[in-house]
Structures are given as structure tokens and as C-alpha cells.
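First up is the structure itself, then whatever we jot down about it.
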Amino acid sequence: MIAILAGASLIGVGVFGILSRRDVIAVLAATEVAMAGVLVLMAATTSVVAGAVGALSEARLVLILVLAAAEAAVGLALAVAVAARTGVLRFDDMRQGRG
Amino acid sequence: MMPPLDITGADAVVGLACALGVAGALVSVLTRDVLRLGLGLGLAFVSVAAIFASIGAGFAAVAQLFLYVGGVLVLLLFALMLLTRSAGGAPLAERRSTFLPALAGLVTTLAIALVAGPLSAAGARPARGALSDALLGPLLAQFEMAGVLLLAALIAIVGIAVRRR
């Protein structure tokens with residue numbers, strides 16, 4: 001049960017970070033915190049409902065973990081590329097969509 | 001009359017890992033310092049791996065350490081170093097307002113906890129099957145698609161990073 005609360009808390013902290021931060025990298029970091037919370041929530045709920053994290057659930061967990069890591073990598077590459085070309089680090093300063 | 005608390009060692013480990021994970025996440029979203037952001041995030045990711053290991057998902061714990069701590073966190077730190085250098089070493093992570101995002105985060109946490117808590121009150125059934133049987137059996141399509149997705153992500157990252165003259 002405490003792991004379920006921890007997962008929910010991580011998601012909440014991630015949401016807070018996404019909404020409150022101005023910088024691209026900080027928002028991406030908060031997104032990863034929220035993703036980690038989702039994974040913890042999935043694992044904890046499965047553990048409590050089924051009595052243990054079964055093989056199928058663990059496989060799904062690993063696949064979602066892989067997807068989240070790929071999303072983080074592409075997001076960081078985009079952020080670095082945009083910052084390198086425009087010198088802009090904040091969402092508020094990003095005015096043009098084409099670069 | 002309240003029943004006595006029966007806290008085992010495993011419960012204490014899970015509780016400690018959860019507390020450290022949430023603390024690390026709070027540090028990473030509240031701090032303005034780049035180094036503390038990275039350290040907080042690292043603490044959160046390692047704690048998540050500890051939670052996975054303590055509830056019996058050992059493979060997921062190792063995958064979390066490899067991918068998140070060894071991959072995503074290192075990428076993030078590199079990106080932070082590159083971007084803060086290009087910004088003249090200015091402190092990162094200024095915030096907008098705090099009240100509304102904090103309220104949104106709190107509402108999210110409570111909503112998920114209130115939904116997930118009662119869901120966990122269902123009965124238990126035994127777990128079966130090996131991880132490899134699952135990945136190469138019912139989840140084979142998803143497993144293969146994940147590989148293709150990673151390849152696509154790699155190509156996209158190379159395409160984004162290469163400057164066109």
C-alpha cells in the first residue's frame with residue numbers, strides 16, 4: 001500500500017514540476033519523475049492485487065520502461081538541438097516553430 | 001481499539017525506499033541548482049529500482065538501473081552541462097508560480113491514491129510463468145515493436161544532432 005502511495009506521490013511531484021518549471025530540461029526531468037511514478041504504481045498495484053508481480057506484468061513493466069527511456073532520449077536530443085540553434089532554454093522564449 | 005502494527009523488515013525497506021524516492025523527486029523539482037537536480041533525480045531513480053526489487057520484480061529493478069540511472073540520468077546530466085555552458089553558466093530551473101502547480105500535483109496524487117487504493121483490495125491469485133516465456137510468448141509483438149521503436153529513436157536522435165550545412 002505504501003508503494004502505491006509512493007507511486008501516486010511521484011506522479012503528483014512530476015505534475016507539479018511540469019507545470020511549475022520554465023526550463024526545457026527541468027520539465028523533461030519532471031516528466032521522467034512522473035513516468036517513474038507510473039511504473040511504481042503499476043508494479044505496486046499488481047503486487048497487491050495478484051499477490052506478486054507475475055512474469056507477464058514484469059514484462060509489461062520492462063517494455064514501458066524501455067519506451068519511457070526512448071522518449072526521454074528523443075526529448076533531450078530535441079531540447080539540446082533547439083537550444084544549440086536558438087540559444088533558448090525556456091518554453092516562454094520559444095516563439096517560432098520552425099528552425 | 002487499533003490492532004498493533006506488524007511491520008516486517010521488508011516493509012521497512014519498502015517504506016525507506018519510497019520515502020527516499022519521493023524526497024529525491026522533490027529535490028529535483030524544487031531546486032534551482034543543476035547539480036542538486038541531477039542528484040535528486042538519481043536518488044529517485046535508484047529508490048524506484050529498490051522498490052521494484054523489494055516487491056519481487058528483480059528484472060525490472062535491474063532494467064531500471066541500466067536504463068534510467070545509467071542511460072537517462074547520464075543523458076540528462078550531459079544535456080545540463082552542455083546547455084548551462086551555452087547559457088553562460090546561469091542557474092537553471094526558474095519557476096513560474098508555485099501554488100497552482102502544487103495544487104494540481106496534490107490533486108493528482110490524491111486522485112490516483114484514492115482510485116488505486118480500493119482497486120488493491122481485490123483478492124490475490126498466484127503468479128505463474130517465466131519472464132522470458134512472457135516476453136517471447138504473449139508479448140512477442142510488443143517486444144519486437146519496442147526494438148523497432150528504439151531503433152527509430154536512435155535514428156531520430158542522430159538526425160536531430162547532425163547539423164545540416
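These values consider heavy atoms only, across backbone and side chains, with no hydrogens, waters or symmetry-generated copies. So you know, we letter chains A, B, ... as the sequences are listed, proteins then strands, and number each from 1.
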| field | Shared hydrophobic cluster, B:Leu77 / A:Leu76 (ILVMFWY, side-chain heavy atoms < 4.5 Å) | value | yes
| request: Sort A:Ala34 into side chain, backbone, both or neither according to what part of it lies under 4.5 angstrom from a heavy atom of chain B. | output: neither
| message | Set out, in order, the CA-CA distance, both residues' side-chain angles and the distance that settles side chain to side chain contact (heavy atoms under 4.5 Å, CB included) for B:Cys18 and A:Leu5, then state yes or no. | response | CA-CA 9 Å; B:Cys18 293; A:Leu5 289 174; over 6 Å; no
| task | Could you walk me through whether A:Thr46 and B:Ile55 pass side chain to side chain contact (heavy atoms under 4.5 Å, CB included), step by step? | result | CA-CA 10 Å; A:Thr46 306; B:Ile55 62 175; over 6 Å; no
| Between A:Leu10, A:Val33, A:Leu63, A:Leu28, which residue shows the highest count of heavy-atom pairs closer than 4.5 Å to chain B? | A:Leu63
| query | Is it true that A:Leu67 and B:Phe45 fall in one hydrophobic cluster, defined by side-chain heavy atoms closer than 4.5 Å? | reply | no
| task | Please report the shortest heavy-atom distance between B:Thr31 and A:Arg21, naming the atom on each side. | result | O-NH2, 2.9 Å
| Interchain contact, A:Ala73 with chain B, by part (heavy-atom threshold 4.5 Å) | both
| query | By a 4.5 Å heavy-atom criterion (distance strictly below it), what part of B:Leu26 contacts chain A: side chain, backbone, both, or neither? | reply | both
| query | Any link between B:Leu65 and B:Leu67 through a network of hydrophobic side chains (Ile, Leu, Val, Met, Phe, Trp, Tyr) touching at under 4.5 Å? | reply | yes
| message | Quick check on A:Leu61 against chain B: is it the side chain, the backbone, both or neither that has a heavy atom closer than 4.5 Å? | response | side chain
| Contact class of A:Leu78 relative to chain B, heavy atoms under 4.5 angstrom | both
| task | For the pair A:Val62 and B:Phe52, evaluate side chain to side chain contact (heavy atoms under 4.5 Å, CB included) and give the outcome as yes or no after the intermediate values. | result | CA-CA 11 Å; A:Val62 169; B:Phe52 285 158; over 6 Å; no
| task | Consider only side-chain heavy atoms of I, L, V, M, F, W and Y, link residues closer than 4.5 Å, and tell whether B:Val14 and A:Ile11 are in one cluster. | result | no
| said: Can you tell me which of A:Ala29, A:Ala30, A:Ala72 forms the most heavy-atom pairs within a distance under 4.5 Å of chain B? | reply: A:Ala29
| field | Nearest heavy-atom neighbours spanning A:Ala70 and B:Leu150 | value | CB-CD2, 3.8 Å
| message | Between A:Glu58 and B:Ala60 (side chain of the first, backbone of the second, donor and acceptor by atom type, cut-off under 3.5 Å), is there such a pair? | response | yes
| remark: Residues A:Val74 and B:Ala153: closest non-hydrogen pair is CG2-CB, 3.7 Å
| Are any non-hydrogen side-chain atoms of A:Phe16 and B:Leu30 less than 4.5 angstrom apart? | yes
| field | The single option from A:Val40, A:Ile2, A:Leu39 passing side chain to side chain contact (heavy atoms under 4.5 Å, CB included) against B:Ile51 | value | A:Val40
| message | Does any backbone or side-chain atom of A:Leu65 lie under 4.5 Å from a heavy atom of chain B? Answer side chain, backbone, both or neither. | response | both
| remark: Correct closest heavy-atom pair for B:Tyr68 and A:Ala69 would be OH-N, 4.5 Å
| task | Against chain B, work out which of A:Gly37, A:Ala77, A:Ala81 has the most heavy-atom pairs shorter than 4.5 Å and name it. | result | A:Ala77
| note | When the 4.5 angstrom heavy-atom criterion is applied to B:Leu76 and chain A, the contacting part is both
| task | Give a yes or no on whether B:Leu75 and B:Val69 share a hydrophobic cluster (residues Ile, Leu, Val, Met, Phe, Trp, Tyr; joining criterion: side-chain heavy atoms under 4.5 Å apart). | result | yes
| Checking B:Phe66 against chain A: side chain, backbone, both or neither under 4.5 Å from a heavy atom? | neither
| Option that, when pairs with chain A are counted at under 4.5 Å, heavy atom only, ranks first among B:Ala63, B:Ala57, B:Ala146 | B:Ala57
| Toward chain B, the part of A:Ser9 with a non-hydrogen atom under 4.5 Å | both
